[in-house]
Novice: 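Following this message is one structure expressed as structure tokens.
The residues of the chain are indexed from 1 along the displayed sequence. Please read these numbers as outputs of a predicted model, since none were measured by experiment.
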Amino acid sequence: MGQYKEDAARLLELVGGKENIAAVSHCITRMRFVLQDTDKADVPGIEALKSVKGSFTQAGQFQVIIGNTVGDFYDDFVAVSGISGVSKAEVKNAAKGQQNPVQKAMTNIAEIFAPIIPAIICGGLILGFRNCIDSLYLFQDGTATLCDINQFWAGVDSFLWLIGEAVFYMLPVMICWSVMKKMGGSEVLGIVLGLTLVSGQLLNAYDVASTAAADIPKWDFGFVQVNMIGYQAQVIPAILAAFALVYLERFFKKITHPLIAQIVVPFCSLTLAVMAAHFVLGPIGWQIGSVISDVVYAGITSDFRVAFGAIFGALYAPLVITGLHHMSNAIDLQLIGTFGGTMLWPMIALSNIAQGSAVLGMSFVQRKNPEAQETNLPCMISCYLGVTEPAIFGINLKYVFPFVCGMIGSCCAAIVSTAFGCTANAVGVGGLPGILSMQPAYWAPYALCMLIAVAVPFVLTVIVGTRNGTAAAAEQAGKEIAAAEAAAQPVAASYEEGTFYAFLSGTTVAISQVPDATFAEKILGDGIAIEPTDNILRSPVAGTVSNLMEGSNHACGITTESGLEVLLHIGLDTVDMNGNGFRPMVKEGDTVRPGDALIVFDTEKIAAAGHPAITMMVVTDEAGHTLDFRPNEAVEAGKAPVGTFIR
């Protein structure tokens, strides 16, 4: 804990204790409480604290003014109270309350995968490239790959597997960490749990289907034996195991005395979570996989294989989410041994192509949003080369409808594939290059299937994305990005030391006239405000960005070389907008000059949220300077002076 430990503990007591706090968060200067009973708050006692500069109640929130160091104070308060991220969770839960169960599940999965998408995209591109050099038999009359005939590429292939294995084989580690982070648990315990799911002591998940039951290693407890099976690349089991850890940790924290919590809580929660993963979740998951395998084999070899193809084509992508799709490898091998080829694998490749084509559709829908394209393009390439996880978890599940459109396209393509009896010689690259693994007699019909797998999801995704507002949102985002890029150009060619320059175009307002007591009473310090006529917040001084309100992006702080500390705050109570309509152009630690763009904001969204757009500049640390300001003047951002600071 930091320097505010004592005041934080005292504040917790003065607001009525932990049980009186429904939610707590902070903006750039204030602690914001939602109290069960505001009458329990001891206002005189709170305002007497050394760290507190004032307090008031507004819009149902009890706000305690701390100043620029509120972030550090909040961290100490969280450590003392054990309350963390309450308000953010409540906002998300409120939104989820309006969703159906499927939407809630998709939202949760998307939130879990959001932090690890960059790694998955990287791994997907690497595995897709490896597929091209070690699985395409293009040389020596179709009997050799590039790796077979060239040692350099064989070495590259081997080296890249180091990264690919780390991303996908160790995926449960990242998932467990992300779940614990999302749920506010001990992230390091999540990492350890994930490692126990992919330990080298366990039989690799990819080898389970080809391993006889008698050869699977077991834990022998005398009265019962448990299979030692890993969860490499498994998603749902890892998520379930992580949530088991989350609730076990919460339970033991609740019932354990603080004196022994550091010993009891991690030991009991982690041990029981690992037992649940391997003793309960694992056997259930693999039994489900075994049943699915039997059903798939029976369906693909029956007289109703066209109907089965429609079902399998639609449901294969959801199987990828569960991780149970790996069971198809054994079925493919069985089909190849029995029929001299597999009719199942071509449908798998078509499903992959369909999900990639849904991303292609999203790329078209979001063509005016360059930020979205940065994710769309690599995910699409990875998918077309046979690795669908980046596309599914990074894009299609995030928006849901592209995932469904991909399932429909896969279903249509699978119907045609099974109707023609398309057969592959062996399991190959499960994407566009997959046609090279097909038996020559089926190249033409399979090309038709691939065309369907590309066209149907693409067209459906474009239609739905245009009608449901996704395209319009992407166009708006593109405009905001273009405006932000334009804003990045500084407007002041030169500047004078000791001068505050206009941070917005508009009319200056005396700080005492701002309709907010914290600013008007100069609790945080003296300053000036501007009623804006533009939407680009610019730096009034030369200095370093010392603070940027992460998440809400509605305020930032700048420190000059002479020690002057300046706070810039866009609008009133705009922290409640959670960053919607605010785009930062700088990050903490950046050096800025007068006129440099700091934040681009949407005045229409601020007005729609019911907040005034008046923007304040407050000097929170004068550092021995004498200040003077010029209210009631029309000013141009970055050019007109609005005050001076002289030492």
Novice: Are Cys422 and Met438 close enough that some pair of their side-chain heavy atoms sits under 4.5 Å apart?
Specialist: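 Answer yes - side chains close enough.
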Novice: Hey, are Asn396 and Gln355 close enough side-chain-wise for a donor-acceptor pair under 3.5 Å?
Specialist: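 Yes, side-chain donor-acceptor contact under 3.5 Å.
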Novice: Assess whether atom CZ of Phe139 is packed by more than 12 heavy atoms of other residues, nucleotides or ligands within 6.0 Å.
Specialist: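 Result for CZ/Phe139: enclosed.
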Novice: I'd like to check Phe308 versus Thr418 (side-chain heavy atoms, cut-off strictly below 4.5 Å). Are they in contact?
Specialist: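 The answer is no; the side chains never approach within 4.5 Å.
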Novice: Within the side chain of Ser410, is there an N or O that forms a donor-acceptor pair under 3.5 Å with the backbone of Gly313?
Specialist: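 The answer is yes, because a donor-acceptor pair under 3.5 Å joins these two groups.
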Novice: Would you name the heavy atoms of Ala474 and Asn369 that are closest together and state the gap between them?
Specialist: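 Smallest interatomic distance, heavy atoms only, reads O-CB, 3.5 Å.
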Novice: When you look at Asp141 and Thr143, which way does the side-chain hydrogen bond (donor to acceptor under 3.5 Å, both in side chains) test go after all the steps?
Specialist: CA-CA 6 Å; Asp141 298 325; Thr143 62; over 6 Å; no
Novice: Is there a donor-acceptor pair under 3.5 Å between the side chain of Glu187 and the backbone N or O of Trp177?
Specialist: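 No.
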Novice: List the steps and the verdict of side-chain contact (heavy atoms from CB on, under 4.5 Å) for Leu146 and Leu138.
Specialist: CA-CA 8 Å; Leu146 182 60; Leu138 302 175; over 6 Å; no
Novice: Report the C-alpha distance between Thr470 and Phe401 in whole Å, list the side-chain angles of each, state the deciding distance to 0.1 Å, and finish with yes or no for side-chain contact (heavy atoms from CB on, under 4.5 Å).
Specialist: CA-CA 10 Å; Thr470 302; Phe401 73 89; 3.5 Å; yes
Novice: Between Thr211 and Asp207, is there a donor-acceptor pair closer than 3.5 Å when you use the side chain of the first and the backbone of the second?
Specialist: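 Yes; at least one donor-acceptor contact below 3.5 Å.
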Novice: Tell me if a side-chain donor or acceptor on Ser382 pairs with a main-chain N or O of Val387 at a distance below 3.5 Å.
Specialist: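 Answer holds: yes.
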Novice: Is any side-chain heavy atom of Pro346 closer than 4.5 Å to a side-chain heavy atom of Thr423?
Specialist: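 Pro346 does not reach Thr423 side chain to side chain.
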Novice: Should we say atom CZ of Arg467 is surrounded by more than 12 heavy atoms from elsewhere, each under 6.0 Å from it?
Specialist: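 Open: at most 12 neighbouring heavy atoms sit under 6.0 Å from CZ of Arg467.
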Novice: To the nearest 0.5 Å, tell me how far Ser417 OG sits from Arg305 CZ.
Specialist: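 CZ of Arg305 is found 10.5 Å from OG of Ser417.
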Novice: Are side-chain heavy atoms of Tyr169 and Trp161 found at a separation under 4.5 Å?
Specialist: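 Tyr169 reaches Trp161 side chain to side chain.
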Novice: If every non-hydrogen atom of Ala358 is compared with every non-hydrogen atom of Pro457, which pair is closest and at what distance?
Specialist: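 Minimum heavy-atom separation between Ala358 and Pro457: N-CB, 3.9 Å.
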Novice: Specify whether Phe243 and Tyr247 have parallel, tilted or perpendicular ring planes, treating 30° as the upper limit for parallel and 60° as the lower limit for perpendicular.
Specialist: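 Because their plane-to-plane angle is under 30°, the rings of Phe243 and Tyr247 count as parallel.
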Novice: Can you tell which of Thr196, Leu195, Ile191 makes a side chain to side chain contact (heavy atoms under 4.5 Å, CB included) with Leu193?
Specialist: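 So the option named by the test is Thr196.
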Novice: Evaluate Asp590 against Lys587 for side-chain contact (heavy atoms from CB on, under 4.5 Å), listing each step before the verdict.
Specialist: CA-CA 6 Å; Asp590 283 356; Lys587 60 182 183 299; 3.2 Å; yes
Novice: So which heavy atom on Ala119 is nearest to which on Val167, and how close?
Specialist: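 For Ala119 versus Val167, the nearest heavy atoms are O-CG1, 3.4 Å.
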Novice: Hey, does the side chain of Asp148 reach the backbone of Thr145 with a donor-acceptor pair shorter than 3.5 angstrom?
Specialist: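 Such a contact is found between Asp148 side chain and Thr145 backbone.
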Novice: For Tyr399 and Gln366: C-alpha separation, side-chain torsions, deciding distance, then whether side-chain hydrogen bond (donor to acceptor under 3.5 Å, both in side chains) applies.
Specialist: CA-CA 12 Å; Tyr399 294 95; Gln366 298 178 315; 3.0 Å; yes
Novice: Identify the heavy atoms of Gln232 and Leu203 that sit nearest to each other, and give their distance.
Specialist: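 Taking Gln232 first and Leu203 second, the nearest heavy atoms are OE1-O, 4.3 Å.
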Novice: For Phe279, is the CZ atom crowded, meaning more than 12 foreign heavy atoms sit under 6.0 Å from it?
Specialist: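 More than 12 heavy atoms, drawn from other residues, nucleotides or ligands, come within 6.0 Å of this atom.
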Novice: Can a donor-acceptor pair be found, under 3.5 Å and without considering hydrogens, that links the side chain of Asn227 to the backbone of Ile229?
Specialist: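 Checked: no pair found.
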Novice: Look up atom OG in Ser199 and atom CG in Leu202, then write down how far apart they are to the nearest 0.5 Å.
Specialist: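 Taking OG in Ser199 and CG in Leu202, the distance rounds to 5.0 Å.
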Novice: So, Ser357 versus Tyr384: side-chain donor-acceptor pair below 3.5 Å or not?
Specialist: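 The answer is yes; a qualifying pair exists.
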Novice: Looking only at heavy atoms, what is the nearest atom pair of Gly409 and Ile452, with distance?
Specialist: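 Nearest pair, atom of Gly409 first, then Ile452: O-CG2, 4.4 Å.
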Novice: Find the distance between CD1 (Ile348) and OG1 (Thr342) and round it off to the nearest 0.5 Å.
Specialist: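 So the gap between those two atoms works out to 7.0 Å.
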Novice: May I ask you to test the Gln373-Arg367 pair for a side-chain heavy-atom distance under 4.5 Å?
Specialist: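 Gln373 reaches Arg367 side chain to side chain.
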Novice: Would you confirm whether Trp153, through its side chain, and Ile133, through its main-chain N or O, come within 3.5 Å as a donor-acceptor pair?
Specialist: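 No: the side chain of Trp153 does not pair with the backbone of Ile133.
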Novice: Under the side-chain hydrogen bond (donor to acceptor under 3.5 Å, both in side chains) criterion, do Ser186 and Glu249 qualify, and how do the steps go?
Specialist: CA-CA 8 Å; Ser186 299; Glu249 185 181 40; 2.4 Å; yes
Novice: Please check: side-chain N/O of Arg130 versus main-chain N/O of Asp157, any donor-acceptor pairing under 3.5 Å?
Specialist: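 Side chain of Arg130 to backbone of Asp157, a donor-acceptor pair under 3.5 Å: yes, one is there.
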Novice: So, do Val416 and Leu448 sit near enough that their side-chain heavy atoms are less than 4.5 Å apart?
Specialist: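 Of all side-chain heavy-atom pairs linking Leu448 with Val416, at least one is under 4.5 Å.
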Novice: Please name the pair of heavy atoms, one in Leu197 and one in Pro172, separated by the smallest distance, quoted to 0.1 Å.
Specialist: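 So the two residues come closest at CD1-CB, 4.1 Å.
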Novice: Determine, stepwise, if the pair Tyr446 / Tyr442 fulfils ring-ring contact (aromatic ring centres under 6.0 Å, His included).
Specialist: CA-CA 6 Å; Tyr446 195 68; Tyr442 298 104; 9.3 Å; no
Novice: Would you call Phe458 and Met362 a side-chain contact if the rule is heavy atoms closer than 4.5 Å?
Specialist: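 No; the side chains remain at least 4.5 Å from each other.
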Novice: Sub-3.5 Å donor-acceptor pair from the side chain of Ser351 to the main-chain atoms of Met347, do we have one?
Specialist: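 A pair under 3.5 Å: no.
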Novice: Apply side-chain contact (heavy atoms from CB on, under 4.5 Å) to Trp219 and Met228, showing your working.
Specialist: CA-CA 7 Å; Trp219 286 294; Met228 298 171 61; 3.4 Å; yes
Novice: Measuring only between side-chain heavy atoms, which start at C-beta, is Leu385 closer than 4.5 Å to Pro433?
Specialist: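 Yes, close enough: below the 4.5 Å cut-off.
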Novice: Between Ser269 (side chain only) and Val265 (backbone N and O only), is there a donor and an acceptor less than 3.5 Å apart?
Specialist: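 Side chain of Ser269 to backbone of Val265, a donor-acceptor pair under 3.5 Å: yes, one is there.
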